[in-house]
Amino acid sequence: MPHFSRRSFLQLSAATSVASLFHGVGEAQMAAKARPANHSASAVMIDSNENPLGPSQSARDAVSAIIPQGGRYSFHLTGELAKIYAESEGLKPEWVSATVGSTPPLALTVLAFTSPKKSYVTADPGYEYGMMVAASTDVRVVNVPLTKTYAHDVRAMLAAAPDAGVFYICTPNNPTGTLTSHSDIEYLVANKPKDSIVLVDEAYIHFAETAQSAIDLVKDGKDVIVLRTFSKIYGMAGLRCGFIIARPDLMQKVMKSGGWNPMPVTAVVAAMASLKDPQLIPERRRINTEIRQQTFQWLDRNGYSYMPSESNCFMLDTKRPGQQARDAMAKEDVLVGRIWPSMPTYVRITVGTREEMEKFQTAFQKVMKSA
Ligand SMILES: Cc1ncc(COP(=O)(O)O)c(C=O)c1O
């Protein structure tokens, strides 16, 4: 069973907390909102961080097989999944809860640990969702620029917010695809104000060759919450599965801050099947790295600037207002996205298939030459 109970659903701390869940929009909606409405169905969509490979074959088979049982919640399956996941990460089952993607636990963690007196501290540019949830409940949002190497500037984050409730670290970062070192996260944890927590979003961790997870800090009993999702390397964004990994007392506090949603049985069995496939992560990481590095080599050969990334997305300098470049690329049937106000000439590119990235190169060359 997930740790959200029916009782905690009824004991919603405040109606405003729940309403605020719907104020923010996640990655998918942000990408869709920024996308031109009249794009063709065949357009290359590298404007949202999804995985063009979709679920693995074993996950697809598991989804098909469970469909006749779709009339039941089957909570026992969710419990089994959490157990398998906990075992795979060397955790006790009660330190792990399966969630409908990582968007709900991200919102609930912000609601649980921030308040008008306890700020939300994040990086700029960074993933906006937590910030939107915080802002919708009158929480002070503290945006701290990344360092020169595009890591989270943990020392500046600490200095900027002695009143912090949540320090949000996304590594690899969305949108830059850059890493924040484990030692920096440890420093943050060791020096943060009492009663605050460090929320480490590891949505993209499997794409990076060298990233070190913060799960060990959770195991050590620190004030750290880790989020994982099956939306990225596992290609299950449309199936919806994620995990929150936390000390049981922190987990309880998160769960009390809002409602819970039963897991789709399709997502549960797809996640189980994916976890049983030892080749899935290394194989998909290899494919993503190869296509990303080939794209970088092409950009280098043609003298274009970008931020080196360890993930499935990167920031590309278009040397003009980013929106102009997006519009021009959309005319070539290649949708690139989004723009962060602190990097106005850059657009985020998601690594697509080889074929999609070839189309991107042709379109980008044309757009840059026609300026
Ligand atoms: C950094 C980050 N965290 C969390 C999410 C939420 O993903 P999901 O709810 O699909 O697990 C996303 C989605 O793109 C993301 O980029």
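Throughout, residue positions are numbered sequentially from 1 according to the sequence presented. Indexing begins at 1, ligand by ligand and atom by atom, following the structure's order.
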(message) Among all the protein's non-hydrogen atoms, which is closest to atom 11 (O) of ligand 1, and how far away is it?
(response) Thr229 OG1, 2.5 Å
(request) Could you tell me whether Tyr150 atom OH has more than 12 heavy atoms of other residues or ligands within 6.0 Å of it? (result) no
(message) Which of the numbered atoms in ligand 1 are under 4.0 angstrom from any heavy atom belonging to Gly101?
(response) 9 (O), 11 (O)
(request) Classify the ring geometry between Tyr129 and Tyr127 as parallel (under 30°), tilted (30 to 60°) or perpendicular (over 60°). (result) tilted
(message) With nothing but distance in play, are any N or O atoms of Asn49 less than 3.5 Å from an N or O of ligand 1?
(response) no
(request) Go through ligand 1 atom by atom and flag the ones less than 4.0 Å from a non-hydrogen atom of Thr103. (result) 6 (C), 7 (O), 8 (P), 9 (O)
(request) Identify, by atom number and element, the atoms of ligand 1 in contact range of Arg240, meaning under 4.0 Å from any of its heavy atoms. (result) 8 (P), 9 (O), 10 (O)
(message) Between Glu356 and Lys359 (salt bridge meaning N to carboxylate O under 4.0 Å), is one present in this structure?
(response) no
(request) Compute the ring centroids of Phe167 and Tyr120, then answer whether they are less than 6.0 Å apart. (result) no
(request) Around atom 3 (N) of ligand 1, find the nearest protein heavy atom and jot down its residue, atom name and distance. (result) Asp201 OD2, 2.6 Å
(message) Tell me the protein heavy atom at minimum distance from atom 14 (O) of ligand 1, and give that distance in Å.
(response) Lys232 NZ, 2.5 Å
(request) Can you label the angle between the Tyr304 ring and the Phe364 ring as parallel, tilted or perpendicular, going by 30° and 60°? (result) perpendicular
(request) For ligand 1, indicate whether the residue Ser102 contacts it via side chain, backbone, both or neither (heavy-atom separation under 4.0 Å). (result) both
(message) Can you tell whether the side chains of Glu50 and Lys232 come within less than 4.0 Å, N to carboxylate O?
(response) no
(message) Please list, in number order, the atoms of ligand 1 under 4.0 Å from a heavy atom of Ser231.
(response) 8 (P), 10 (O), 11 (O)
(request) Report the residue from Phe296, Tyr346, Trp298 that forms a ring-ring contact (aromatic ring centres under 6.0 Å, His included) with Tyr306. (result) Phe296
(message) Please classify the Tyr204 to ligand 1 contact at 4.0 Å (heavy-atom distances, strictly less than): side chain, backbone, both or neither.
(response) side chain
(message) Quick check: His206 with Tyr234 (ring centres under 6.0 Å apart)?
(response) yes
(request) Taking only heavy atoms of Cys170 into account, list the atoms of ligand 1 that are under 4.0 Å away from them. (result) 1 (C)
